[in-house]
Amino acid sequence: VDSDAQSITEAYNTALRANPDGVAVVAVSSSVVQSQLDELESRGVPVVTSQDPDKPVGPIVASLYTSPSSFRIGKITADYMVVKGCTEGTSIYVQLGGFMVLDNMLKAFQDEWSEVAGGAKVEVVDVPLEEFAGAATRITGAVRANPDTSCIFVSSDPMSSGLVTALKGA
């Protein structure tokens with residue numbers, strides 16, 4: 001399923017038509033599909049989410065990869081980048097905006113970076129969900145603006161799709 005609101009809504013509608021026993025979802029904001037969540041709840045259909053941008057609501061009975069794990073990942077990411085020498089130039093942290101777990105990961109990263117990176121520069125590139133597919137273009141722009149870029153961290157793997165090719169052409 002594409003990550004745009006229309007595709008996500010249609011996927012939920014397809015699930016509703018199938019009368020499922022349960023629904024599993026990755027990285028979808030409840031606000032995008034609130035009416036579908038309400039319908040699933042009225043039918044007693046549980047929903048399990050992962051990489052949830054919101055707090056569990058309605059029929060969401062479990063949310064995997066939540067805030068505590070994202071705080072750990074953010075801290076470990078900063079430590080790893082320092083060990084790998086990312087303090088020698090500008091580091092670019094690419095953030096998919098609007099997702100609570102990724103926001104928490106960024107916060108933990110920034111807190112740890114400020115403690116361990118000795119004042120090294122990090123630029124956060126915020127990619128709104130609507131621009132997810134074009135993340136490589138935004139990242140390439142950040143690299144052009146920071147010719148001393150030493151490392152790039154992308155908080156959501158699919159955003160790096162096409163990145164190597166885009167950077168080679170930069």
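Keep in mind that this is a model prediction, so the values were computed, not measured.
Of the inter-residue distances, the one linking N13 atom CG with Q6 atom CD reads 10.5 Å to the nearest 0.5 angstrom. Here E112 contributes atom CD and T77 contributes atom OG1; the two are 10.0 Å apart, rounded to the nearest 0.5 Å. Q95 CD to M105 CE: the interatomic distance, rounded to the nearest 0.5 Å, is 6.5 Å. With values rounded to the nearest 0.5 angstrom, T87 atom OG1 is found 14.5 Å from K121 atom NZ. To the nearest 0.5 Å, atom CG of residue L163 and atom NZ of residue K168 are 11.0 Å apart.
Considering only heavy atoms from C-beta on, L106 comes within 4.5 Å of V124 through its side chain.
Under a 3.5 Å cut-off, the side chain of S161 and the backbone N or O of P158 do not form any donor-acceptor pair. With hydrogens and angles disregarded, no donor-acceptor distance shorter than 3.5 Å links the side chain of S155 to the backbone of L102. Side-chain atoms of S150 come within 3.5 Å of backbone N or O of C86 as a donor-acceptor pair.
K107 and D103 are not joined by a salt bridge, as no carboxylate oxygen comes within less than 4.0 angstrom of a charged side-chain nitrogen.
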Begin with the C-alpha distance, continue with both residues' side-chain angles, and end with the deciding distance and a verdict on side-chain contact (heavy atoms from CB on, under 4.5 Å) for K75 and D111.
CA-CA 8 Å; K75 180 183 182 310; D111 290 348; over 6 Å; no
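Applying the ring pair (Phe, Tyr, Trp, His ring centres under 6.0 Å) test to residues at least two apart or on different chains, the pairs with a partner in residues 107-128 are Y93-F109, F109-W113.
The minimum heavy-atom distance between A142 and V125, with the atom names listed, is CB-CG2, 3.5 Å.
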